[in-house]
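All ligand and atom numbering here is 1-based and tracks the order in the structure.
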Amino acid sequence: MAGEPVNVNEFEELAREALPKMNYDYFRGGAEDQHTLRENVAAFQRITFRPRVLVDVSSIDMSTSILGYKIPAPIVIAPTGMHELAHPQGEVATARAAAASNTIMVLSFSSSRTIEEVASSSQAVRFYQLYVSKRRDIAAALVQRAERNGFKAIVLTADTQRLGRRELDIKNKMAVPPLRNLEGLISTDVDSAGGSGIEAFVAQFKDSSLNWKDIEWLRSVTNLPILIKGVLTAEDARKAVEVGVEGVIVSNHGARQLDYSPATITVLEEVVQAVKGKVPVIFDGGIRRGTDVFKALALGAKAVMVGRPVIYGLATRGEAGVVRVMQMLKDELELTMALAGCPTLKDITRRHVTTESDRLRSSL
Ligand SMILES: Cc1cc2nc3c(=O)[nH]c(=O)nc-3n(C[C@H](O)[C@H](O)[C@H](O)COP(=O)(O)O)c2cc1C
Ligand SMILES: CCCCCCC(=O)C(=O)O
């Protein structure tokens, strides 16, 4: 690509050029036919704006807070695994970028770097994402390490009872790289039977019997607030509120788990309505533009998380690349708010967007 990237999508092209094919495929890939992967982005493109004019937008305030932590814009770093496959400094660089951007980083269970290294290298507010292992004492120990190291919340990923079938990883015979948090706790030495080592590893360590009753167990091992990641239906949103979690994350895992799950933006409103404002609803999946962030907020999200674009920034320019990606999204959101006539996040309403279902309803 000639010249500097001018938007987040262009970072993907640069990352493709910079990374070994196996690593790039791991980051970009989705499950099976990758239908949901395409839809996560395409569904945003079918939502249009109902902008208001002649509003004073000489000053735009994008600030918000999540679980009491103030951030200058509602854009947070999603948990994504194995950042050393993108850059030698791995999650240390990402965490520094989160601090420089004054945003929250959710550190993945499958991070290349340790909880301690990440904590000591950055002042960013950090949440810890958990996969629950068959051996509960190991999961509890990881949660407690995160808590001791100043992480502020646990994000329990609920959509990964088993790993989705990622055919790029199978073709590449993707091996599990070093996952330093797990050293001495869980062996990553697995027989991949000539397929994806990551899939074999997850099948070996992950407790696929995890269920709603286990939230009580998680509560018993930590004092941190708990957010459930991977909610796509009103039924599960109501369950999450019922079991008393502090937040719900609408996510289909970046379309890497169940293919033909809905594009996340198409189910956000259903979840928001079911939650009835009792806990914050955070959104991820397919955010590539500030306009996407605005659309998610208009449909009721408190904030959005960004996965692949952060990795592409990291792969291309390390810490500075992540900062640039976050800044681009922030700048685009600011402009979108100005052009839509919304000087603050509170001014963004459901009436500012037209969705596919709105169009369908009005054509009946
Ligand atoms: C390469 C990659 C690794 C991921 N690793 C994790 C993970 O370890 N834990 C988790 O809860 N979600 C993981 N996710 C899902 C993200 O948290 C997030 O839901 C998704 O990336 C959002 O979609 P986006 O990439 O379109 O922004 C991963 C996603 C990608 C692309
Ligand atoms: C190697 C441990 C689990 C890897 C899975 C990370 C992940 O969630 C992903 O989507 O990839």
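Close approach to Ser108 involves these atoms of ligand 1, each under 4.0 Å from a residue heavy atom: 7 (C), 8 (O). For ligand 1, the atoms lying closer than 4.0 Å to a non-hydrogen atom of Arg288 are 24 (P), 25 (O), 26 (O), 27 (O). Close approach of ligand 1 to Ser110 is summarised as follows: ligand atoms under 4.0 Å from at least one heavy atom of the residue are 8 (O). Atoms of ligand 1 found under 4.0 Å from any heavy atom of Ser251, numbered from 1 in the order shown, are 19 (O). Heavy-atom proximity to Ala78, at under 4.0 Å, picks out these atoms of ligand 1: 17 (O). Taking every heavy atom of Arg308 and a limit of under 4.0 angstrom, the matching atoms of ligand 1 come to 24 (P), 25 (O), 26 (O), 27 (O), 31 (C). The distance from ligand 1 to the heavy atoms of Thr157 drops below 4.0 Å at these ligand atoms: 10 (C), 11 (O). Of all atoms in ligand 1, numbered sequentially from 1 with element shown, those under 4.0 Å from a heavy atom of Phe27 are 1 (C), 31 (C).
Residues Thr222 and Glu147 bring a donor and an acceptor atom of their side chains to less than 3.5 Å of each other. A donor-acceptor pair shorter than 3.5 Å can be found between the side chains of Arg166 and Gln257. Donor-acceptor pairing under 3.5 Å is recorded for the side chains of Ser58 and Asp56. Residues Tyr260 and Asp33 bring a donor and an acceptor atom of their side chains to less than 3.5 Å of each other. Side-chain atoms of Thr344 and Asp61 form no donor-acceptor pair, as typed in the model, at a separation below 3.5 Å. No side-chain donor-acceptor contact under 3.5 Å links Asn9 and Glu13.
Judged by the 6.0 Å distance and 45° axis criteria, Lys295 is positioned over the aromatic ring of Phe49.
With respect to atom 5 (N) of ligand 1, the closest heavy atom belonging to the protein is Gly81 N, 3.1 Å. In this structure, atom 9 (N) of ligand 1 lies nearest to the protein heavy atom Gln129 OE1, 3.0 Å. The nearest protein atom to atom 27 (O) of ligand 1, hydrogens excluded, is given as Gly307 N, 2.9 Å; this is a heavy-atom distance. Protein heavy atom closest to atom 14 (N) of ligand 1, with residue, atom name and distance, is Pro79 O, 3.3 Å. The nearest protein atom to atom 19 (O) of ligand 1, hydrogens excluded, is given as Asp284 OD2, 2.8 Å; this is a heavy-atom distance.
Other residues, nucleotides and ligands place no more than 12 heavy atoms under 6.0 Å from the NZ atom of Lys173. The number of heavy atoms from other shown groups lying within 6.0 Å of CZ (Arg162) does not exceed 12. Counting heavy atoms of neighbouring residues, nucleotides and ligands inside a 6.0 Å radius, atom CG of Asn211 exceeds 12 of them. Environment of CG in Leu54: sparse, with no more than 12 heavy atoms of neighbouring residues, nucleotides or ligands closer than 6.0 Å.
When heavy-atom distances to ligand 1 are checked against a 4.0 Å cut-off, Lys229 comes that close only through its side chain, counted from C-beta outward. Of all the heavy atoms of Phe109, none lies under 4.0 Å from any atom of ligand 1, so neither backbone nor side chain is involved.
In this structure, the side chains of Phe201 and Leu179 come closer than 4.5 Å at one or more pairs of heavy atoms. With contacts defined as side-chain heavy-atom distances shorter than 4.5 Å, the pair Arg52/Asp347 does not qualify.
The aromatic rings of His352 and Phe294 lie perpendicular to each other, with more than 60° between the two planes, well past the 30° mark.
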Quiz: residues 306-317 side-chain donor-acceptor pairs under 3.5 angstrom, not counting sequence neighbours:
unit_1, atom_1, unit_2, atom_2, d
Arg308, NE, Phe27, O, 2.9
Arg308, NE, Arg28, O, 3.3
Arg308, NH1, Gly254, O, 3.3
Arg308, NH2, Gly29, O, 2.9
Arg308, NH2, Gly254, O, 2.7
Thr316, OG1, Tyr312, O, 2.5
Arg317, NH2, Glu4, OE1, 3.0
Arg317, NH2, Glu4, OE2, 2.8

Mind listing the N or O contacts between ligand 2 and protein, cut-off under 3.5 Å?
unit_1, atom_1, unit_2, atom_2, d
ligand 2, 8 (O), Tyr131, OH, 2.5
ligand 2, 8 (O), His253, NE2, 2.8
ligand 2, 10 (O), Arg166, NH1, 3.2
ligand 2, 10 (O), Arg166, NH2, 3.0
ligand 2, 10 (O), His253, NE2, 2.9
ligand 2, 10 (O), Arg256, NE, 2.9
ligand 2, 11 (O), Tyr26, OH, 2.6
ligand 2, 11 (O), Arg166, NH1, 2.8
ligand 2, 11 (O), Arg256, NH2, 2.9

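For Arg256, no nitrogen or oxygen atom sits less than 3.5 Å from a nitrogen or oxygen atom of ligand 1, counting backbone and side chain alike. For ligand 1, the polar-atom distance check against Gly286 finds a nitrogen or oxygen pair separated by under 3.5 Å.
Contact annotation: Asn40 has no heavy atom less than 4.0 Å from any atom of ligand 1.
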